[in-house]
Structures are given as structure tokens and as C-alpha cells.
Amino acid sequence: MGNETKHIIPDGFLWGGAVTSFQTEGAWNEDGKGPSIVDARPVPEGFSDWKVAVDFYHRYKEDIQLFKELGFNAYRTSISWSRIFPDGEGEPNEKGLEFYDNLFDELLANGIQPVITLYHFDLPLALAQKYNGFLSRKVVDLFEKYARTVFQRYRNKVKYWITFNEQNLILTEPELWGVTLPTHPQERESLIYQLCHNVFVAHAKAVKALHEIIPDGKMGGMITYLTTYPATCKPEDALANAKVKEYLIDFFLDTFIRGQYPKYMMNELEKKDIIPKFEDGDLELLKDHTIDYISISYYQSKIVSDKGGSVFSGISNNPHLETTEWGWAIDPIGLRIALKDMYARYQMPIFITENGIGVKEELNENNTVEDDYRIDYLRKHIEQMKLAMEEGVQVIGYLIWGSTDILSSKGEMKKRYGLIYVNRDEKDLKDLKRYKKKSFYWFQKVIATNGREL
């Protein structure tokens, strides 16, 4: 028996890192790339723009050698839609398609499977300006065209795909889908659920296209998993917590996997008179084109108290947990709770496609970073993942967020997630040189022993 627990992680388990195109590539206007909504964002005081990022566009070969040395067998990034269709529509840009051909070839030549996200919050700017993003069914159709274009092109190179990054963020950050919404609360809420519906339809169209074009391809539906606990043992708090989970987690996974809106959600939308407009064929699309695996990012947990008001108004920080410098609660056990719950509900493979910790760091005199806190964070999360697997949960992979340091999603270089330090700061690009942190060697050993040695 003792032996079994050690070997709980199966051969072929996917170990690696995860990033996005816009946080790594740079080359924001090279080789025919059009602007995306990210390029048009105002840059807050003391933050960076996206023009160079960590220059992965020109340095990917060097970085992939480091990933090979780490032992990665998987690397998740996103395709920049505006590299392929500079205006979001029209004819594809051959130079953009070639870049990803070269990138995927380089990964595969080094034994690394590309795990590819179709949409990671970087809509071609023209589609936001012309159609108000995914609020338009026109954009849903253009997304399908883009998806079919890249599936066709990379059908022999990429087997693992994700439609939308953290699709459940639509409820709290709808602007990431390229929309401008009215401020009137009722109108706004109504449009958010229409947006939500349109994106579900776009997701289902991409699942359908993948299964047609790449029969052995696997499509994941992705959410950011926020584990939540009742703030006290008062039944009211427990109920408020259950509600948050229904909205934020279950609604999305139920729709991805069961192919229809859950009853609790339809009743709620009906009660508020904000049921989205379904077009002919939408119900069948959702029903017939469900996902192959669940993809999650996991960073933190929260607590919920019964505050009345909106569903999310009672969410706050857990006083029992330490937080990162950015106020995110560190809760490895929360990951295990999430894994157990999802697997009990759906019996579907789960791929942890993001987990990590952002910290302010500088190179020391030995040109490295002694990031024991990162090793500790990752170790504890992998331990809890292994315990969930011992309890019967099927996890197919674990990707750390970052690999190299990258710009954070808001454009902060100082929020460093990587196992590899990139020498630049907010405004000064310095030489962009790569340096291995202490965690590099730790994770290398974890992968080499397939998670036996933590």
C-alpha cells in the first residue's frame, strides 16, 4: 500500500508552465499584427505597456531551451487573434500563422506539448470598436472562423485546446470580452448575461469545430476556481456561500459539461426578467458540443457572509490565512477541496492550467533569486493535488503560472511569478536576460521524479 501513494501521479502527466501571448510576446505591431484591446488600454502610473513584454516573440527558442532543461512536457500559451486576423475579420495574416507554426514546431522538437488558449482577453481592437465585442453575434461567428482557421492550420501540432481563459470572469469583469456596458444596474446585468450566453455559444461552436477538424483533439472549458467557505456556521452564511458557488463555478461547469443552463440559473434569470436571447440552434449547440476536460486556474480562496444585496457582496478575506503581497489568500487545501468537488460532480479529467504566486523580487549578488516562499507555495499545492488524486480524483496535468517572469495581467513587471527571472522593470527594458531562480532547480527535480520528490 505504502508504495501506491508514491506513484499516484501517472506516467504522461503534463508538467509545465502557462502564459498568454500578450504578457510574453511583445512585437505588438510586427509582421502584420493588428492592435488588440490590450494594446489600447491606458497604462496606469508606474506600470508597463505591452509593446515588448518579455520579448518572447524574438526569444522563444532560448526560452524553450530553458523549459526543456526544466523537464516541461507541456506549455500553455494563447494565440493572439489579432496576429492571425489583424482586424478580427477578412483574410488571415500568413506571417502571424507562421509565427505559431514555428513556435509549436520548436516546442514539439523539444518534447513539449503545446496547450493552446484561443482567447485570453485580447480581442482584436477593431471588433470592440465596430461591434462592441462579444455582445454581437457577428463576433461570435468571427470567433468561430478564427478557431476553424487555427484548428485547420495546427491540426497536426496541437491536441490540447482551451476556448476562453477563465470564462466565469464574464460576471465580474465583462470588459475583458471587448464590450462597453451601460452603467444602469438592471441594463448592465441584463447585458452581462447576454454576453455570457454569446460566449457560451462561441465556446460550443469552437468545441464543434475542433471535434470535426481534429478528431483526437481535446477541448477544455476553463474557469478560475475560487474556493469559498461560509464565514461562520450560521445557516444564512452557508446558504450565501452555496449561492456564490452556483453563480461563479457550477453555472459554468454545468453548462460546459451537461450542455444546458442549470435550473437554478434559469429560474434566477427569469425572476429578474433578464433571460438572454437564444437564437435558433443555440440549445442544440450547447447540448451537442460539450468539453473533454475541465481546465482551472487556482490561486486563492475567500469567505462568504450573508450580506443581502447582490450575490457577490458578502465575499471577503479569510482571517485564518496568510496572503501574498497582493492580498491573495494562500490556501493549498482549498485546491484539494475544489478538485474533490468537481470530480464528484462530473467524473471528468481536470487539468490545473495555472497555479502560482506573484512576489516582488530582485536579483541577488549571485544573479539569482532565493525564492523559498515560491517553492513552499508550489510544494504545498502539489501535495494537496496528490492527496486529491489518492482520493480518486483524475488530474491530468499541473502548469505553474509564469515559467519566466512575465508582465502581470494589469501590466506590472514587479509582480513576478516565474522560475526564471527576466531582467527588466516597468519602464526600463535593461537587457531582458534570463536567470534561473532557486525554484527552477526545485521544479526540475519535481518533474524528473514525476512528483515523487517535493
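Only heavy atoms go into these numbers, but all of them, side chains included; no hydrogens, no water, no symmetry mates.
- Ion pairing of D250 with R345 is present here, as a side-chain N (NZ or NE/NH1/NH2) and a carboxylate O approach within less than 4.0 Å.
- The two residues M348 and I257 have their closest heavy-atom pair at SD-CG1, 3.8 Å.
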Begin with the C-alpha distance, continue with both residues' side-chain angles, and end with the deciding distance and a verdict on salt bridge (charged side-chain N to carboxylate O under 4.0 Å, His left out) for R336 and E391.
CA-CA 10 Å; R336 179 168 160 207; E391 293 167 314; 3.0 Å; yes

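- Between the side chains of Y435 and N366, no donor-acceptor pair of N or O atoms lies under 3.5 Å.
- Nearest heavy atoms, N450 versus I9: ND2-O, 3.1 Å.
- For R416 and Y421, the positive end sits near the middle of the six-membered ring, less than 6.0 Å away and at most 45° from its axis.
- In this structure, the side chains of Q167 and H203 come closer than 4.5 Å at one or more pairs of heavy atoms.
- Between the side chains of S78 and T20, no donor-acceptor pair is found at a separation under 3.5 Å.
- Between the side chains of Q23 and S409, no donor N or O sits under 3.5 Å from an acceptor N or O.
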For ring-ring contact (aromatic ring centres under 6.0 Å, His included), just list the numbers for F256 and Y346, CA-CA rounded to whole Å, side-chain angles, deciding distance to a tenth of an Å, and then say yes or no.
CA-CA 11 Å; F256 287 154; Y346 306 111; 9.7 Å; no

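- Using a cut-off of 4.0 Å between Lys/Arg side-chain N and Asp/Glu carboxylate O, R76 and E354 are scored as salt-bridged.
- At least one donor-acceptor pair closer than 3.5 Å links the side chain of S408 to the backbone N or O of K410.
- Figure legend: cation-pi geometry between K302 and W328 absent, as NZ or CZ is not positioned both under 6.0 Å from the six-membered ring centre and within 45° of its axis.
- Between Y299 and Y377, the gap from one ring centroid to the other reaches at least 6.0 Å.
- Below 30°, between 30° and 60°, or above 60°: for H381 and Y298 the angle between ring planes is between 30° and 60°, a tilted geometry.
- Proximity of the aromatic rings of W28 and Y57 is defined here by a centroid distance below 6.0 angstrom, and this criterion is not met.
- Going from atom CG of L419 over to atom OG of S403 covers 6.5 Å, rounded to the nearest 0.5 Å.
- With D39 as reference, K33 is the one residue of R83, K51, K33 to meet the salt bridge (Lys or Arg N to Asp or Glu O under 4.0 Å) rule.
- Between the side chains of T404 and D63, no donor N or O sits under 3.5 Å from an acceptor N or O.
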Is there a side chain to side chain contact (heavy atoms under 4.5 Å, CB included) between Q394 and I350? Walk through the geometry before answering.
CA-CA 6 Å; Q394 186 190 357; I350 302 166; over 6 Å; no

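- Within the 4.5 Å cutoff, the side chain of K340 has no heavy atoms near those of the I337 side chain.
- Salt bridge annotation for D216-K159: present, with a cationic side-chain nitrogen under 4.0 angstrom from a carboxylate oxygen.
- Between the side chains of T232 and K234, no donor-acceptor pair of N or O atoms lies under 3.5 Å.
- Crowding of K263 atom NZ: a count of heavy atoms from other residues, nucleotides or ligands under 6.0 Å not exceeding 12.
- Nearest heavy atom pair, residue P174 against residue V179, reads O-CG2, 3.4 Å.
- The pair K386-E390 fails the salt-bridge criterion, with no side-chain N (NZ, NE, NH1 or NH2) lying under 4.0 Å from an Asp/Glu carboxylate O.
- Among I116, V158, D122, T117, the one residue that satisfies the side-chain contact (heavy atoms from CB on, under 4.5 Å) test with I79 is I116.
- Residues Q65 and N110 bring a donor and an acceptor atom of their side chains to less than 3.5 Å of each other.
- One finds no salt bridge joining E361 and K414 here, because no Lys/Arg side-chain nitrogen approaches an Asp/Glu carboxylate oxygen to under 4.0 Å.
- Checked by atom type and distance alone, the side chain of S313 never pairs as donor or acceptor with a backbone atom of G309 at under 3.5 Å.
- A salt bridge links R258 with D254: the closest approach of a Lys/Arg side-chain nitrogen to an acidic carboxylate oxygen falls below 4.0 angstrom.
- Applying the side-chain hydrogen bond (donor to acceptor under 3.5 Å, both in side chains) test between R374 and each of D372, D376, D371 identifies D371 as the sole match.
- For an aromatic pair to be called close, the ring centres must be under 6.0 Å apart, and W15 with F13 satisfies this.
- Looking at Q113, its side chain never comes within 3.5 Å of a backbone N or O of L108 through a donor-acceptor pair.
- For S297 and T224, the side-chain atoms include at least one donor-acceptor pair closer than 3.5 Å.
- In the displayed structure, K243 atom NZ is contacted under 6.0 Å by at most 12 heavy atoms of other residues, nucleotides or ligands.
- For the pair T368 (side chain) and K436 (backbone), a donor-acceptor distance under 3.5 Å is present.
- Using the six-membered ring where Trp is involved, F67 and F72 have ring planes that are parallel, under 30° apart on the 30 and 60° scheme.
- A distance of 6.0 Å or more separates the ring centres of F22 and F56.
- T323 places no side-chain N or O within donor-acceptor distance of the main-chain N or O of A329, the cut-off being under 3.5 Å.
- Ring pair Y261/F200: centre-to-centre distance below 6.0 Å.
- Using a 3.5 Å distance cut-off with no hydrogens or angles, the side chains of Y398 and N355 do pair a donor with an acceptor.
- Summarising the local packing, CD1 of I333 is surrounded by 12 or fewer heavy atoms from other residues, nucleotides or ligands at distances under 6.0 Å.
- Between the side chain of R155 and the main chain of I214, no donor-acceptor pair closer than 3.5 Å is present.
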Could you please spell out the steps behind the side chain to side chain contact (heavy atoms under 4.5 Å, CB included) verdict for I406 and M413?
CA-CA 7 Å; I406 60 178; M413 195 63 214; 6.0 Å; no

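- Formation of a donor-acceptor pair under 3.5 Å by the Y154 side chain with backbone atoms of L97 is found in this model.
- A donor-acceptor pair under 3.5 Å is absent between the side-chain atoms of Y100 and the main chain of I84, judged by distance alone.
- Counting only distance, with no hydrogens or angles, the side chain of K437 and the backbone of G418 share a donor-acceptor pair below 3.5 Å.
- With contacts defined as side-chain heavy-atom distances shorter than 4.5 Å, the pair Y343/I294 does not qualify.
- For the residue pair R424 / S48, a side-chain donor-acceptor distance below 3.5 Å is found, with atom types taken as modelled.
- Taking the six-membered ring where tryptophan is involved, the planes of Y193 and F251 are tilted, since the angle between them lies from 30° to 60°.
- Salt-bridge annotation for D405 and K415: absent, with no side-chain N of the basic residue lying under 4.0 Å from a carboxylate O of the acidic one.
- A donor-acceptor pair shorter than 3.5 Å can be found between the side chains of H58 and E30.
- Residues V115 and I162 meet the side-chain proximity criterion, which asks for heavy atoms closer than 4.5 Å.
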Tell me, with the steps shown, if T77 and L103 meet side chain to side chain contact (heavy atoms under 4.5 Å, CB included).
CA-CA 10 Å; T77 186; L103 172 59; 4.3 Å; yes

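- A heavy-atom distance below 4.5 Å is not found between the side chains of I330 and Y373.
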Let's go through D288 and V207 carefully: what are the C-alpha distance in whole Å and the side-chain angles of both, what is the deciding distance for side chain to side chain contact (heavy atoms under 4.5 Å, CB included) to 0.1 Å, and is it a yes or a no?
CA-CA 9 Å; D288 297 341; V207 176; over 6 Å; no

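- Remark: side-chain polar atoms of D237 are paired, donor with acceptor, to backbone N or O of D306 under 3.5 angstrom.
- Ring orientation note: the planes of Y247 and F312 are nearly perpendicular, at an angle over 60° on the 30°/60° scale.
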